[in-house]
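Have a look at the structure below, then the notes.
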Amino acid sequence: MAIIPLMKQVHEKIRKWYKKHGRKELPWRNTADPYPIYLSEIMLQQTQVNTVLERYYFPFLKKFPTFEALGKAPLDDVMKMWEGLGYYNRAKNLHRTAALLCQKEKQTQENSTTLPSDINALMELPGIGINTAHAIAAFAFRQSVPVMEANVKRILCRLHKLTTPTDKILWELAYSHLDKKHSFDYNQAMMDIGATLCTPKNPHCTQCPLSALCLGKEEPTRYPTKKKRVVPKKEQHIMLTVYDDKLALSQRTGKFLHGLWGFPSTEVPLCASEYLGEVSHAYTHFKLLCKVWIYYETDSTQEHYFTVEEIRKLAISKVDEKIVKLYLDTIQHNTEGGFQYGG
Ligand code: SF4
């Protein structure tokens with residue numbers, strides 16, 4: 001069979017499949033407003049759909065319903081709404097992008113604050129790379145361009161038996177396969193097929209609308225080659241400084257966990273400190289083990305001290321949450337045992 005008619009047939013099968021099985025109810029697929037579509041794209045970059053839907057997407061939109069509301073909000077408030085979602089640079093970049101758009105609106109006296117529709121202009125905004133720019137163009141501005149995310153990449157690799165393709169090759173294939181007339185449904189369908197049929201393990205090739213085109217369906221899990229990941233381990237000493245029943249925290253300024261409040265790490269714990277215990281946390285790129293030490297001050301030497309209640313209102317990382325829990329558990333244990341910690 002000639003390649004063009006085959007591609008047409010496959011496009012038709014994909015459309016039918018999407019009509020029947022597609023996750024059409026997802027809220028960001030039922031709006032024409034670029035803001036929630038952009039927000040969903042950023043949230044979904046490193047996070048499962050269910051987590052985003054159940055815990056983050058709606059509360060964030062309620063708190064910051066527009067680009068203006070987000071751009072004018074204090075960064076602390078944005079970080080608080082992002083708490084627990086991880087990859088905090090995403091929140092920082094969302095905030096920066098919204099602020100830039102507000103600024104541009106003021107300068108040009110445009111009527112509404114929104115994203116540019118051009119892919120290159122989108123890529124000039126903080127935190128928007130080529131994949132996100134294509135997704136925004138495709139879903140928010142209904143342009144006839146393909147999208148590329150992990151699920152789509154896996155499908156393309158399997159269709160063409162590619163083990164380690166370059167991004168250039170993948171984009172060329174993505175453009176050549178696109179159903180230009182029905183690009184919105186095609187792109188959503190490709191992501192859903194990757195998430196539900198062309199899964200990393202045990203793909204369901206017999207139910208797949210791309211099966212007629214797929215060169216890799218005999219041994220699909222060979223494509224692409226899985227990179228063996230060795231997750232490095234890092235160890236840190238964390239210092240809890242207590243004064244007047246309050247804990248010292250500072251706001252992080254480095255790239256990692258930027259903008260969140262946290263307990264400082266130290267090379268060597270203070271001689272007068274006591275060992276509290278350890279907590280660990282698995283990030284995507286490394287595993288962190290924190291050995292936690294506590295030091296009771298008689299005079300305040302730090303800039304910011306907070307009660308535990310006040311800390312609960314701050315944006316802090318998961319690992320710092322675990323440290324607060326360790327602190328509370330230890331205090332409770334020692335109080336029950338008749339010994340007041342630091343007393
Ligand atoms: S036929 Fe199988 S391997 Fe090929 S795209 Fe469909 S699910 Fe993936």
Side-chain angles (χ1 to χ4, degrees), residues 1-26 28-29 40-41 44-53 129-139 142-229 284:
M1 192 178 291
I3 189 80
I4 299 296
L6 178 59
M7 190 70 96
K8 271 192 176 171
Q9 282 177 25
V10 168
H11 283 162
E12 208 176 306
K13 280 187 185 170
I14 292 174
R15 281 204 304 282
K16 275 190 189 153
W17 183 90
Y18 184 66
K19 226 172 172 183
K20 200 163 171 201
H21 304 285
R23 295 175 294 180
K24 295 181 289 293
E25 69 292 347
L26 291 174
W28 45 86
R29 292 187 183 178
S40 71
E41 283 303 322
L44 291 166
Q45 273 171 7
Q46 312 282 351
T47 314
Q48 301 281 331
V49 170
N50 284 349
T51 310
V52 167
L53 260 186
I130 187 168
N131 294 2
T132 309
H134 274 75
I136 294 169
F139 299 139
R142 304 276 175 145
Q143 289 175 29
S144 193
V145 294
V147 300
M148 184 76 72
E149 40 82 271
N151 290 318
V152 174
K153 277 185 190 173
R154 189 168 54 253
I155 294 176
L156 292 173
C157 287
R158 289 175 174 176
L159 288 180
H160 296 275
K161 292 174 98 170
L162 301 172
T163 50
T164 51
T166 60
D167 283 352
K168 187 172 176 283
I169 288 176
L170 286 173
W171 276 112
E172 280 168 12
L173 288 172
Y175 269 95
S176 73
H177 285 297
L178 179 69
D179 180 348
K180 293 191 181 69
K181 273 196 198 152
H182 309 92
S183 58
F184 184 87
D185 284 3
Y186 169 88
N187 279 323
Q188 304 285 19
M190 287 292 275
M191 295 196 302
D192 289 355
I193 291 166
T196 60
L197 296 181
C198 197
T199 46
K201 289 179 194 161
N202 306 319
H204 306 281
C205 299
T206 51
Q207 298 160 39
C208 178
L210 290 136
S211 175
L213 205 65
C214 185
L215 302 177
K217 66 186 172 215
E218 299 305 325
E219 289 180 286
T221 52
R222 284 187 60 187
Y223 314 101
T225 305
K226 284 182 204 76
K227 288 178 200 142
K228 277 201 184 121
R229 277 183 57 211
T284 315

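All ligand and atom numbering here is 1-based and tracks the order in the structure.
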**OP:** Kindly give the heavy-atom pair with the smallest separation between Ser183 and Gln143, and that separation in Å.
**Re:** OG-O, 3.6 Å

**OP:** Among all protein heavy atoms, pick the one closest to atom 4 (Fe) of ligand 1 and tell me residue, atom and distance.
**Re:** Cys214 SG, 2.4 Å

**OP:** Return the residue, atom name and 0.1 Å-rounded distance of the protein heavy atom closest to atom 2 (Fe) of ligand 1.
**Re:** Cys205 SG, 2.3 Å

Original post:
Tell me, which protein residue and heavy-atom name are nearest atom 8 (Fe) of ligand 1, and how many Å apart are they?
Top reply: Cys198 SG, 2.4 Å

Original post:
Hey, what do you get for CD1 (Ile14) to CD1 (Ile193), rounding to the nearest 0.5 Å?
Top reply: 5.0 Å

Original post:
Hey, is Asp185 close enough to Arg15 for a salt bridge, meaning N to O under 4.0 Å?
Top reply: no

Original post:
With no hydrogens and no angle check, is any side-chain donor or acceptor of His21 less than 3.5 Å from a backbone partner on Lys16?
Top reply: no

**OP:** Number the atoms of ligand 1 from 1 as they appear, then name those within less than 4.0 Å of a heavy atom of Pro220, with their elements.
**Re:** 3 (S)

Subject >> Protein contact to atom 6 (Fe) of ligand 1 [nearest heavy atom, distance to 0.1 Å] >> reply: Cys208 SG, 2.4 Å

**OP:** Considering the heavy atoms of Arg158, write down every atom of ligand 1 situated less than 4.0 Å from one of them.
**Re:** 3 (S)

Original post:
Taking the six-membered ring of Tyr223 as reference, does the NZ or CZ atom of Arg158 fall below 6.0 Å from its centre and within a 45° cone about the axis?
Top reply: no

